[in-house]
Each structure stands twice: as structure tokens, then as C-alpha cells.
Amino acid sequence: MKTSTLGLLLFAGMLSACGSGGDHPPPPPPPPPEAPKPFTLQPGTIVLDGAKVSIILLDATTVCLRGDTAGIGPGTVLISTEGDGFIRKVVSMSPLQDGIRLVTVQAGLAEAFSRLDVKLDKVFGLADFGQVIATGTPEIGLKFRVPPALQKSAGATNVEVAGPELALSFNRYGASGSSGVEITGEATFKVNPQWDISLETVNAGRSVLKYHFGINPNYRHSFTAKAVYGGAISMNADIPEIVLGRFLIPNTPLVVVPTLVIAANATGSAAGAFGTTYMASVSGGATLERNITRNVSTTNSYQPLQTGSFDLAESTLSVDATPSSMKIEFRLYGVAGPNFGFDAKGYMSGTFERNAQSGQEGIRAKVSAGLYANVGAGGKLAFLSSFYKGIDGDFSVFNVPVKIVEAELADAFFPFSGAGGVTVSDNGNVPDDVFEVALDGLVLGRTSMGGSGQFRMSSLRPGTRQLSIKTVEDDSPPGTYVVRLGEGLTFAGGGVERSGGLNLGSSATFSVIVPPR
């Protein structure tokens with residue numbers, strides 16, 4: 001059979017169109033399936049669209065709306081992502097001239113969502129919260145900063161701090177009030193929460209909630225506490241909750257409001273000058289899990305670093321302090337959610353001590369400290385029960401404390417700075433007397449027969465002291481003496497010399513002023 005020229009041309013064109021002999025690209029692949037949403041709303045729940053409806057009034061019970069309000073009525077659960085966000089159930093409604101007025105109550109998560117599967121893992125910093133945050137208390141500052149690297153000390157685990165951290169600083173806190181102690185120092189921690197929430201409606205309309213809260217902290221504090229004058233210590237920081245900001249969890253209508261709770265306190269007594277510095281740091285992690293069977297479990301792994309030192313101790317002191325307590329809560333819709341906290345506690349003491357052999361006097365100073373973490377669920381108590389309404393289990397506010405470290409950090413002896421010299425001599429015509437010399441009951445020594453004794457004392461406690469002399473040998477009564485003070489000592493009645501006579505076994509006592517050095 002003959003093939004026409006036209007038929008050959010048509011056949012060649014078909015081959016070219018199918019790509020057998022041409023250079024045409026393959027057809028584009030089909031679009032990927034849309035990722036499933038991490039949530040499913042309950043029937044009757046509406047997420048307000050800010051482009052279609054506006055909130056013209058909002059208080060604890062009332063919501064007034066303008067715009068597209070179709071479908072809203074009693075029983076509707078409304079979710080808004082404006083401001084701190086809210087989750088409310090409508091009780092009743094009435095018309096307004098340009099909108100509607102709704103009377104509402106706090107709605108629970110299970111009333112708004114039949115399924116929720118949210119994961120949050122974020123490091124917060126300057127871009128989220130800004131540089132400086134007002135605390136309302138001049139002595140206390142709060143800001144975000146990028147910290148220097150911590151150095152590893154001998155025998156300790158290196159503590160790495162990466163990224164911006166929240167820094168809480170105390171500037172002579174307590175010095176301006178009725179306290180006998182002032183605290184200076186700083187506490188810092190990295191805000192990097194990780195938490196997963198899984199909510200699912202099961203049989204009979206009940207819902208179960210599983211969650212996992214965790215934080216990998218880089219936390220440290222360093223404080224100096226000084227007694228500035230005598231008296232009782234009672235110091236408490238009254239700082240209101242600080243809302244750090246708000247953010248929307250991607251691909252969800254969930255608004256999270258990070259809220260910071262700060263506290264500091266100290267109780268005890270102090271007199272004179274006393275100073276101690278101690279530091280503790282930690283890196284690691286703490287998690288809290290709650291599963292369907294209502295069990296709560298925690299795991300933690302910390303690597304602590306701790307040091308303590310004294311720079312001054314000239315008086316007694318007993319102080320039990322929590323110079324830093326920081327808790328940050330991540331509240332859904334500003335109501336309730338996971339929280340992470342750290343407490344730095346310390347006990348400082350200074351007690352009078354005298355060495356029986358040397359007579360040296362001073363202060364035995366000790367400082368011990370503890371570092372604690374807690375992780376839990378919390379929020380505004382008035383809303384918590386309704387927020388978790390319809391969910392199996394008990395969701396009252398709770399915290400699980402985790403003790404990181406408790407230890408004595410420093411133990412040191414500080415001799416007193418006062419000094420003095422005493423010379424006691426036989427003052428009679430016959431060189432036959434021997435006198436025993438004591439200060440506050442502690443025998444310093446004896447004079448030579450018919451001669452004298454020189455007693456130089458260092459590390460004395462400044463103030464009024466009792467110097468006594470006693471005749472222990474006397475061949476020709478009475479024993480006659482002369483006492484001369486040196487090195488800045490003076491008698492309480494004035495002057496530096498006293499003389500007199502004492503029978504064998506008798507003693508005389510003088511009040512002596514020891515000046516500070």
C-alpha cells in the first residue's frame with residue numbers, strides 16, 4: 001500500500017507532539033496535598049475574622065461586635081486572636097445600633113476544639129519582648145541581653161548560654177527601706193520553652209488532654225548581701241505580674257501571653273558590717289508529662305555550678321533569703337498554661353568565735369545556697385476550672401518542684417580588726433609582785449617577778465572590753481601595780497594609765513575602749 005506524503009507529515013507531527021522526537025518539558029507535577037490543620041473546631045465555634053468583624057467593646061463578661069456577625073447566638077463559642085485573645089461562650093445577645101452586644105462566660109478548650117495538636121519550641125529574646133521592661137520598682141531592673149560566655153571553673157561543669165536571656169538585676173535592693181541588709185546582684189535565664197498539647201474528644205463527648213511541658217534552662221544567679229546597719233531584716237519585693245507580650249502559634253487560632261512573676265525576700269537580723277557573694281548556675285532540662293490515665297511524671301537532668309565567698313565579716317548576721325525567684329507562665333488566651341520557674345535561696349550566718357589558745361576573736365561566717373526549678377500548669381485561678389471544663393482529670397494549679405542543688409558554699413573566719421597593747425608593772429619599792437592579766441575572762445599571761453609584762457593584742461572586737469589584773473605572788477603586801485595602755489586603747493573614764501594596790505588573790509577590773517581599725 002502506498003503512503004501519501006500528507007500522511008507521513010501527519011504521522012511525524014503526532015510523534016513530535018508526544019515528545020518522541022522533540023525537546024518539550026514534562027507536564028508539571030500535581031500540587032502537594034494540603035497539610036492537615038493542627039486543630040478541629042467543635043460545631044458552633046467561630047473564629048472571629050478581624051477583616052470582617054471588629055470588637056468595639058470587651059470586658060470580663062461583655063463582647064460588642066460590629067460587622068459580619070452571621071451565625072452568632074446563644075451557645076456559640078467565640079475565639080478571637082486580637083490583643084491577648086479570648087475564648088468565650090455566648091449566654092445571651094441583644095442588638096445595638098451598629099452591631100450586637102453579647103453576654104459571655106469563659107469557655108473551655110474542649111468546648112472550642114474537638115482536636116488540638118500543638119507543638120511549641122521557641123527561644124524568646126529581644127525581637128519578641130524588646131530591650132528593657134519596666135518593673136515598677138526602681139531598685140529592680142529587667143531586660144533582655146546577649147550574655148558573655150561563662151568560664152568553666154575547676155571541678156565544675158561548664159555552663160553554656162546561647163542566645164538572648166532575660167536578666168533580672170538588683171541594685172542595692174533593701175537599702176532604702178526598713179531592712180538591715182542590702183542585696184545587689186543579677187539572675188538570668190534563657191526563655192526557651194518546649195511544650196506539646198494534644199486534645200481529643202472521645203466517647204460520650206468527653207475529652208482527654210495529654211501534654212508535655214519542658215524547658216532546657218541556662219540559668220544563673222550571682223548575689224552579694226551586705227548588712228548596712230543593725231536591726232531586724234524584713235525585705236520583700238512587691239512586683240506586679242509583668243506581661244512580656246503576646247504571640248500567635250502558627251497555623252492555629254491560639255494566642256499565648258508570656259507573663260513573668262518575680263519575687264525576692266530576706267528575713268533575719270544583722271549588726272554592723274557583713275558581706276557575702278555567692279553564685280549558682282545550671283544547664284540541663286526539666287519536663288512534666290500528663291497522660292490519659294491522669295498520671296503526672298517528671299524527668300530532669302541538671303548540671304550545676306556553684307561558688308561562694310565572703311569579702312567582709314565584722315559582725316553577727318543571720319539571714320535567710322530568696323534573692324531571686326523567677327517564674328514565667330505561657331497562658332493560652334491569657335488564662336492558663338504551662339509555667340517554668342527557678343528559685344535561688346541562700347542562708348548566710350556570722351557567729352562570734354574566740355580561740356581558747358590564741359585569744360583571737362572574730363566572726364565565723366558561713367553561706368549555703370540552694371537552686372530549685374519547678375514546672376507545672378498554672379494561670380488565673382478564677383478561670384482555670386472553666387478553662388479545662390469538659391476534660392478528664394484534675395487541672396487545678398500545680399507545680400512540681402525539682403531540687404537542683406543544696407550545699408554549703410563557703411566557711412571562713414574573719415578576725416576582728418581592733419588592736420591594742422597593755423603593760424602591767426610592779427609599782428612598789430620591793431620588786432616582789434606577780435600579776436595575772438586577763439581580757440574578758442581570757443588570761444593573756446603574767447608579769448615577771450617584781451618586773452612587768454607587755455601584752456600586745458590583735459584582732460580584738462571593737463567596743464568596750466573588761467581588762468582585769470590579779471595578784472598571784474606578793475612577799476610584802478599589798479601588791480602595787482601600774483597599768484599603761486597603748487596601741488590606741490583608752491580607759492572608759494579617759495586616760496591611758498591606772499595604778500593601785502591589791503592583796504594576794506584579789507583582782508581589779510577596768511573598762512577599756514577598743515577602737516576600730
Give the C-alpha distance, both sets of side-chain angles, the deciding distance and a yes or no for ring-ring contact (aromatic ring centres under 6.0 Å, His included) between Phe510 and Phe491. CA-CA 7 Å; Phe510 309 94; Phe491 288 104; 5.7 Å; yes
Tightest non-hydrogen contact, residues Ala492 and Ile513, listed as CA-CG1, 4.0 Å
Of Leu489, Leu485, Thr509, the one forming a side-chain contact (heavy atoms from CB on, under 4.5 Å) with Leu467 is Leu485
For the student: nearest non-hydrogen atoms of Ser80 and Tyr333, plus distance: O-CE2, 4.0 Å
From Phe352 atom CZ to Arg364 atom CZ, the distance as rounded to the nearest 0.5 Å: 12.5 Å
Rounded distance [0.5 Å steps], CZ in Phe39 versus CG in Asn251: 8.5 Å
Measuring only between side-chain heavy atoms, which start at C-beta, is Val335 closer than 4.5 Å to Gln106? yes
Under the criterion side chain to side chain contact (heavy atoms under 4.5 Å, CB included), I'd like the reasoning laid out for Leu166 against Phe144: C-alpha separation, chi angles, the key distance, then a yes or no. CA-CA 5 Å; Leu166 188 64; Phe144 274 85; 3.2 Å; yes
In Å and rounded to the nearest 0.5 Å, what is the OG1 to CG distance from Thr252 to Leu332? 9.0 Å
Which heavy-atom pair separates Ala167 from Glu186 by the least distance, and what is that distance? CB-OE2, 4.1 Å
Working for side chain to side chain contact (heavy atoms under 4.5 Å, CB included), residues Met348 and Lys366: CA-CA 6 Å; Met348 296 146 278; Lys366 296 182 179 182; over 6 Å; no
So, Lys327 and Asp343, do they make that salt bridge, N to O below 4.0 Å? no
CD of Glu353 to CD1 of Ile363, rounded to nearest 0.5 Å, is 9.0 Å
Taking every non-hydrogen atom, the tightest pair across Ala112 and Ile87: CB-CD1, 3.5 Å
State the CG-CZ distance between Leu254 and Phe330, to the nearest 0.5 angstrom. 14.5 Å
Can you list the steps and then say if Val512 with Thr490 is a side chain to side chain contact (heavy atoms under 4.5 Å, CB included)? CA-CA 6 Å; Val512 175; Thr490 58; over 6 Å; no
For residues Val424 and Val482, determine if any side-chain heavy atom of one lies less than 4.5 Å from a side-chain heavy atom of the other. no
Can Glu111 and Arg88 be counted as an ion pair, charged N to O under 4.0 angstrom? no
Indicate the atoms forming the closest heavy-atom contact of Leu248 with Pro253, along with that distance. CD1-C, 4.1 Å
Do Thr471 and Tyr481 pair up side chain to side chain, a donor and an acceptor below 3.5 Å, judged on atom types alone? no
Please check: side-chain N/O of Ser349 versus main-chain N/O of Ser318, any donor-acceptor pairing under 3.5 Å? no
Under 3.5 Å, side-chain donor or acceptor atoms of residues 436-444 against the rest of the protein: list the pairs with distances, not counting sequence neighbours.
{"residue": "Glu436", "atom": "OE2", "partner": "Arg446", "partner atom": "NE", "Å": "3.4"}
{"residue": "Glu436", "atom": "OE2", "partner": "Arg446", "partner atom": "NH2", "Å": "3.4"}
{"residue": "Asp440", "atom": "OD1", "partner": "Gln466", "partner atom": "N", "Å": "2.8"}
{"residue": "Asp440", "atom": "OD2", "partner": "Arg465", "partner atom": "NE", "Å": "2.6"}
{"residue": "Asp440", "atom": "OD2", "partner": "Arg465", "partner atom": "NH2", "Å": "2.7"}

Can you tell me how far OG of Ser448 sits from CZ of Phe435, rounded to the nearest 0.5 angstrom? 11.0 Å
Residues in salt bridge (Lys or Arg N to Asp or Glu O under 4.0 Å) with Arg484, at least two apart? Glu497
Do you know which two heavy atoms are closest between Ser452 and Ser425, and how far apart they sit? CB-OG, 3.1 Å
Non-hydrogen side-chain atoms of Val496 and Val483 separated by less than 4.5 Å: no
Let me see the working for Ile140 and Leu168 under side chain to side chain contact (heavy atoms under 4.5 Å, CB included), right down to the final yes or no. CA-CA 7 Å; Ile140 298 177; Leu168 171 68; 3.5 Å; yes
